[in-house]
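As structure tokens, the structure follows; a few thoughts come after it.
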Amino acid sequence: MQAALWREAVDAVATGFASVADVDRAIAYGPGLRWALMGPHMTFHLAAPNGMAGFLEHFGQLMPQIWEGLGRPELTPEVREALVSGANEAAGGHSVAELEAERDEMLIDVLVALGGRRPGQPSPAREAS
């Protein structure tokens, strides 16, 4: 799954559709936020009034067309350089070790905020009040 998402992210950079930083922001502040709470199926289940059945009724015929248009980027020297320079720029001068530590702290914050909850379960904080 991660490789498929990255393939699309690389294609966006390789085709000039978006920069490395733009792709990362789009995922982190778009589906990534929802995916921290629930997976893609539940996300789409909530995307239509009648749940997944409604989503498939509305978008089901369109999805195969979208899937056919997905990219197949090649990791040419130019694409590799764009990815490396884009990642280095997005890192803002921070080392990999510094960024890993920051990521790990944020992951812990997310896990603490979720409190082991899953969709459909009550919030421990709400139960206490």
Nearest atoms (heavy-atom pairs only) where [X] meets [Y]:
{"X": "V13", "Y": "S19", "answer": "CG2-C, 4.0 Å"}
{"X": "A26", "Y": "P31", "answer": "O-CD, 3.5 Å"}
{"X": "S95", "Y": "E98", "answer": "N-OE1, 2.7 Å"}
{"X": "L114", "Y": "A36", "answer": "CD1-O, 3.3 Å"}
{"X": "A48", "Y": "G54", "answer": "CB-C, 3.6 Å"}

Should [X] and [Y] be regarded as members of a common hydrophobic cluster, given that ILVMFWY residues are connected when their side-chain heavy atoms come within less than 4.5 Å of each other, either directly or indirectly?
{"X": "V20", "Y": "Y29", "answer": "no"}
{"X": "I66", "Y": "F55", "answer": "yes"}
{"X": "I27", "Y": "L33", "answer": "no"}
{"X": "M42", "Y": "M52", "answer": "no"}
{"X": "F44", "Y": "L46", "answer": "no"}

Rounded distance [0.5 Å steps], [atom1] in [X] versus [atom2] in [Y]:
{"X": "R7", "Y": "L75", "atom1": "CZ", "atom2": "CG", "value": "12.5 Å"}
{"X": "R103", "Y": "E105", "atom1": "CZ", "atom2": "CD", "value": "11.0 Å"}
{"X": "H45", "Y": "M38", "atom1": "NE2", "atom2": "CE", "value": "9.5 Å"}
{"X": "L83", "Y": "N88", "atom1": "CG", "atom2": "CG", "value": "11.0 Å"}
{"X": "I108", "Y": "M106", "atom1": "CD1", "atom2": "CE", "value": "11.0 Å"}

Criterion side chain to side chain contact (heavy atoms under 4.5 Å, CB included) on V96 and L99, from CA distance to verdict: CA-CA 5 Å; V96 169; L99 294 170; 5.7 Å; no
Side chain to side chain contact (heavy atoms under 4.5 Å, CB included) evaluation trace for V79 with E74: CA-CA 8 Å; V79 171; E74 293 185 31; over 6 Å; no
Does E89 CD have over 12 foreign heavy atoms under 6.0 Å away? no
